[in-house]
Amino acid sequence: MLTYDGDMRVLSGIQPSGTIHLGNYLGAIRTWVREQHEDAFYCVVDLHSLTLPIEPAALRQNTVECAASLLAAGIDPDKCTFFLQSEVQYHPRLSWLLECVATMGELNRMTQYKEKAEKSLGKVGLFTYPVLQAADILLYDTTHVPVGDDQRQHIELARNIAERFNFNYGDTFVVPEGTFPAAGARVMDLQQPERKMSKSVSSPLGTVSLLDSPEDVIKKVKKAVTDTDAEVRYDRKAKPGVSNLLDILAGLHESTPSAEAEKYSRYGDLKAATGDAINDVFGPIQQRYATYMADPAEVLRIMSRGAERASTIAEATYRRAATAVGLVG
Ligand code: AQP
């Protein structure tokens, strides 16, 4: 198996499909900010956002807002490579080579496709985008992919494609692993705690946005669905709403849900503490966000500079793969 000769190469991305929410922050972005080094690659995956209906003007606006949010959250373009996926031409080019290795059977098994198929109006892109995601990852000889729990199946697919390609054409790709945070890996919708918090599903009271006012955060957490037995205990199955709040608190405090549960005996206190903890983290991010949004052109320039560096690495991997399959161009 091909190995990356540095210690660790990290890549992860986020779709500009709406405003970043608490799940994105706890599941992924917080880890990205912590793991910034010259071998870390973070991107706004705008090509993925085309898989569901989106107005061009909304996509443009979301792209700037998403990038500004990541910078405000602490992504430092001087420490890592931060870029816009569509500015690196090798992502779709490698995706095509991988589509000729992936099978209909494995893409048919993708649960996100099944969940979103109706909304996509039958677009082929929704069916094949997990392959584009595999290309995003494999292009950078990635060893680790820090993501939320919902991405397990996609990471497994990227691994399978890499292994099959290596088997068919000789050692070409590093086989990556997913890494998942201990708490906050799957933040659930506050109103429907059996469903994950998501950008592309409208649930105004169930989704805590990175840009919500402190009052809205407090209101949403106060209205979060719990249960009637009035016991603060971590039990994802029996008590999904309460457990979600405990998981959020544990993620924000870098503790464990059970340790958080011991601090509270009343739902009201648990909710008040959760709302305050979110505002403590999101407040400073919102201030920096306003500064970045005052100069959107600079936000795009920052990503373009990152794309130049990303392209150098991506081109080398793409050429390796293209040569391996027999392309001479
Ligand atoms: N609820 C979540 N809890 C923890 N982590 C999450 N992530 C997403 N939702 C949660 C992680 O955030 C990163 C970016 O993922 P994304 O761009 O696919 O975000 P999304 O909110 O899931 O966006 P969409 O457009 O609404 O997609 P769907 O409809 O798929 O939910 C990833 O690392 C993801 O794991």
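Read the numbers this way: they start at 1 and go in the same order the structure lists the ligands and their atoms. FYI, side chains are in, hydrogens and waters are out, and symmetry mates aren't considered; it's all heavy atoms of this structure.
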* Using a strict cut-off of 4.0 Å, indicate which atoms of ligand 1 neighbour a heavy atom of Ala185. =>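 In order of numbering, the contacting atoms are 3 (N), 4 (C), 5 (N).
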
* Just which atoms of ligand 1 are under 4.0 Å from any heavy atom in Arg186? ->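 Answer for ligand 1: 3 (N), 4 (C).
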
* **Nearest-0.5 Å distance that lies between atom CG in Leu94 and atom OG1 in Thr317** =>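 OG1 of Thr317 is found 8.0 Å from CG of Leu94.
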
* Going from CG on Leu59 to CD on Gln15, what distance comes out if it is rounded to the nearest 0.5 angstrom? ->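 Spacing of CG (Leu59) from CD (Gln15) equals 10.5 Å.
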
* Residues clustered with Tyr4, ILVMFWY side-chain links under 4.5 angstrom ->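 Under the 4.5 Å side-chain rule, Tyr4 groups with Leu2, Val174.
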
Identify, for [atom], the protein heavy atom at the shortest distance, and state residue, atom and that distance.
atom                    : answer
atom 13 (C) of ligand 1 : Ala28 CB, 3.8 Å
atom 31 (O) of ligand 1 : Lys196 NZ, 2.7 Å
atom 21 (O) of ligand 1 : His21 NE2, 2.7 Å
atom 27 (O) of ligand 1 : Lys116 NZ, 3.5 Å
atom 8 (C) of ligand 1  : Asn24 ND2, 3.2 Å

Just distances here: any N/O of [X] and N/O of ligand 1 closer than 3.5 Å?
X      : answer
Gly184 : no
Trp32  : no
Asp149 : no
Gly23  : yes
Gly148 : yes

* Could you tell me if any non-hydrogen atom of Ile14 lies under 4.0 Å from any atom of ligand 1? =>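 So Ile14 counts as touching ligand 1.
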
* Is there a heavy atom of Ser49 sitting under 4.0 angstrom from any atom of ligand 1? ->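 Contact check Ser49 vs ligand 1: negative.
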
Would you call [X]-[Y] a salt bridge at under 4.0 Å N-O?
X      : Y      : value
Glu298 : Arg305 : yes
Glu115 : Lys196 : no
Arg164 : Glu106 : yes
Arg319 : Glu315 : yes
Asp229 : Lys239 : yes
Arg236 : Asp247 : yes

* Asked: Between Val217 and Asp212, what is the shortest heavy-atom contact and its length?
  ->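 Heavy atoms only, the tightest pair is CG2-CB, 3.7 Å.
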
Give the contacting part of [X] toward ligand 1: side chain, backbone, both or neither, where contact means a heavy-atom distance below 4.0 Å.
X      : result
Ser12  : neither
Val147 : both
Ser17  : side chain
Met188 : neither

* Do the rings of Tyr129 and His154 sit parallel, tilted or perpendicular, given the 30° and 60° boundaries? ->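 The arrangement is perpendicular - the two ring planes meet at more than 60°.
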
